[in-house]
Number of protein chains: 2
Amino acid sequence: MKGLDYVLLAGLWVEPRSGYDLAHWFQRAAHYYWAAHHSSIYPTLAGLEKGGLIIYQLAPSERGPKRKVYSLTEAGKTILQAWVGQPPQPPEIRDEQPVKVLALDLLPLEEAVKHLEAAKGRAQEQSDMYSAMLLQMDEEERDRGERHWLGPRLNLMRGIQIQEGYVRWCNEAITLLQASQNQRSKNAFVGS
Amino acid sequence: MKGLDYVLLAGLWVEPRSGYDLAHWFQRAAHYYWAAHHSSIYPTLAGLEKGGLIIYQLAPSERGPKRKVYSLTEAGKTILQAWVGQPPQPPEIRDEQPVKVLALDLLPLEEAVKHLEAAKGRAQEQSDMYSAMLLQMDEEERDRGERHWLGPRLNLMRGIQIQEGYVRWCNEAITLLQASQNQRSKNAFVGS
DNA sequence: CGGCGCATGTAACGGGTTACATGATTCC
DNA sequence: GGAATCATGTAACCCGTTACATGCGCCG
């Protein structure tokens with residue numbers, strides 16, 4: 001069992017879903033902690049089903065082919081529980097943004113600032129999206145029966161916190177960048 | 001040119017280093033934004049050298065074989081500059097911790113809290129490590145001539161911010177978890 | 001009737017991880 | 001002399017991404 005297997009089990013524990021739903025979940029709510037494309041999701045779901053950890057019910061879609069809505073079996077729940085009890089593997093991240101920051105002094109000040117502003121904009125957008133999802137989740141809370149909402153809620157809160165932190169850091173970075181540039185020109189002036 | 005190529009160029013722009021140094025850098029300072037093992041670093045460095053983007057000088061090590069200390073060529077600097085000017089690819093993350101949070105209600109309260117405390121401890125440790133590196137960087141600032149320190153400094157600040165945010169979130173999460181548990185028992189009591 | 005969103009899949013390719021492999025030097 | 005750290009590399013395997021492939025149903 002690889003990482004994605006457990007992630008899908010956890011996703012289905014929150015609420016029964018189709019492969020298509022899970023793919024969207026990865027693109028939106030889960031985007032800041034796990035990435036997966038539909039082409040890896042479908043085969044993995046098939047494997048889990050063969051292993052008896054999940055089952056699916058065919059459900060009509062309003063538009064498009066029939067949906068395979070998967071849910072955990074008792075066996076699946078047991079496996080998931082055992083995995084959740086273990087300490088997590090250290091996270092694997094590949095984020096180009098901080099790498100580019102390392103060489104920010106290769107760009108003219110103006111362009112460097114523009115890039116940081118862009119990064120800030122993206123973070124703000126994400127933050128707003130998570131906030132909207134949190135609001136929506138609170139509104140739906142009453143009529144949601146079978147759903148386990150605490151985990152997703154905590155993760156949304158974390159997503160918002162991360163993005164807000166990023167926005168603050170972008171502002172600091174812009175300030176420091178401009179300050180260091182001023183320092184450089186002042187030295188050049190004094191030195192000349 | 002793949003992602004790692006540019007990351008290594010950026011790493012060498014900060015300061016000339018050997019493959020071994022870069023591997024350590026990934027394990028420590030760069031750990032929160034990029035992962036790479038030495039077995040992928042060495043072949044990639046060889047490729048960059050063949051392409052004329054970096055060159056190395058053999059330097060004796062105090063202990064162990066000779067070190068290949070790589071640095072950017074003009075061509076490498078140009079390529080890096082062009083890459084830094086482009087908007088970054090969206091980050092790719094695989095972090096099991098938030099996935100486990102999704103299914104935290106599968107564990108008894110006590111164990112769930114224990115896991116969050118452990119996560120908090122790890123975050124605090126990381127935060128302290130980054131703080132120590134930041135201090136060290138400030139102390140070394142005087143005698144460091146050729147080094148580009150602003151980028152690494154900004155990234156360390158960000159690392160600290162992220163880990164501190166994580167610690168705060170863990171505390172909130174523990175509180176909410178215990179509150180929801182109380183809620184559940186109260187409902188059970190009223191309902192019975 | 002074409003395009004878009006829904007919905008599920010397969011296959012080739014690429015890249016990174018795990019494991020294998022080697023060797024120098026110092027400390028105990 | 002064995003263990004630990006420094007230092008560089010290779011090869012098999014796994015897994016995920018990119019691209020290919022198919023088909024339904026609504027809206028304009």
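First the proteins, then the strands, lettered A, B, ... as listed; each starts at 1. From a predicted model like this one, the values you see are computed outputs, not experimental measurements.
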(request) Please determine, by modelled atom types, if B:Y20 and B:H24 share a side-chain donor-acceptor pair under 3.5 angstrom. (result)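 Yes.
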
(message) Hydrogens and angles aside, do A:S131 and A:D128 bring a side-chain donor and acceptor to less than 3.5 Å of each other?
(response) no

Euclidean distance, atom [atom1] of residue [X] to atom [atom2] of [N] [Å, nearest integer]:
X: B:Y42; N: D:dA11; atom1: OH; atom2: C1'; value: 17 Å
X: B:I41; N: D:dA7; atom1: CD1; atom2: P; value: 14 Å
X: B:Q27; N: D:dC6; atom1: CD; atom2: C1'; value: 13 Å
X: A:Q89; N: D:dC15; atom1: CD; atom2: P; value: 13 Å
X: A:H37; N: D:dT17; atom1: NE2; atom2: C1'; value: 6 Å
X: A:Y6; N: D:dC15; atom1: OH; atom2: C1'; value: 16 Å

(message) Does D:dT5 have its OP1 or OP2 closer than 4.0 Å to a side-chain nitrogen or oxygen of B:R67?
(response) no

(message) OP1 or OP2 of D:dG16 versus the side-chain N and O atoms of A:K2: is any pair under 4.0 Å?
(response) yes

(request) Could you walk me through whether B:Y70 and B:I55 pass the side chain to side chain contact (heavy atoms under 4.5 Å, CB included) test, one step at a time? (result) CA-CA 5 Å; B:Y70 290 90; B:I55 44 164; over 6 Å; no

(request) Measure from the side-chain heavy atoms of B:H38 and tell me the nearest of D:dA7, D:dT8, D:dA11. (result)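 Of D:dA7, D:dT8, D:dA11, D:dT8 is nearest to the side chain of B:H38.
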
(request) Select one nucleotide: of D:dG16, D:dC6, D:dA7, the one nearest the side-chain heavy atoms of B:R94. (result) D:dG16

(request) Tell me what A:S61 touches on the nucleic acid: a base, only sugar-phosphate, or nothing, going by heavy atoms under 4.0 Å. (result)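 Since only primed, P, OP1 and OP2 atoms lie under 4.0 Å of A:S61, the category is sugar-phosphate.
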
(message) Quick check on DNA chain D: between B:P43 and B:R63, whose nearest nucleotide comes earlier from the 5' end?
(response) B:R63

(request) Could you pick out which residue, A:L4 or B:K68, lies toward the 5' side of DNA chain D when each is mapped onto its nearest nucleotide? (result)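 So the residue in question is B:K68.
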
(message) Here's a test of your reading of the structure: between B:S40 and A:D21, which maps to the more 5' nucleotide of DNA chain C?
(response) A:D21

(message) Do A:R158 and A:Y130 form a cation-pi contact, if we require the NZ or CZ to be under 6.0 Å from the six-membered ring centre and within 45 degrees of the ring's axis?
(response) no

(message) Looking at B:W83, I'd like to know if the NZ or CZ of A:K100 sits under 6.0 Å from its six-membered ring centre while staying within 45 degrees of the ring's axis.
(response)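 Relative to the ring axis of B:W83, which defines the angle, A:K100 lies inside both limits.
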
(message) Are the side chains of A:L4 and A:S40 in contact, using a 4.5 Å heavy-atom criterion?
(response)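 Contact flag for A:S40/A:L4 side chains = yes.
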
(request) Under the ring-ring contact (aromatic ring centres under 6.0 Å, His included) rule, collect the residues that match up with A:W25, sequence neighbours excluded. (result) none

(message) Going 5' to 3' along DNA chain C, which are the first and last nucleotides with any atom under 4.0 Å from a heavy atom of chain A?
(response) C:dG5 to C:dT17

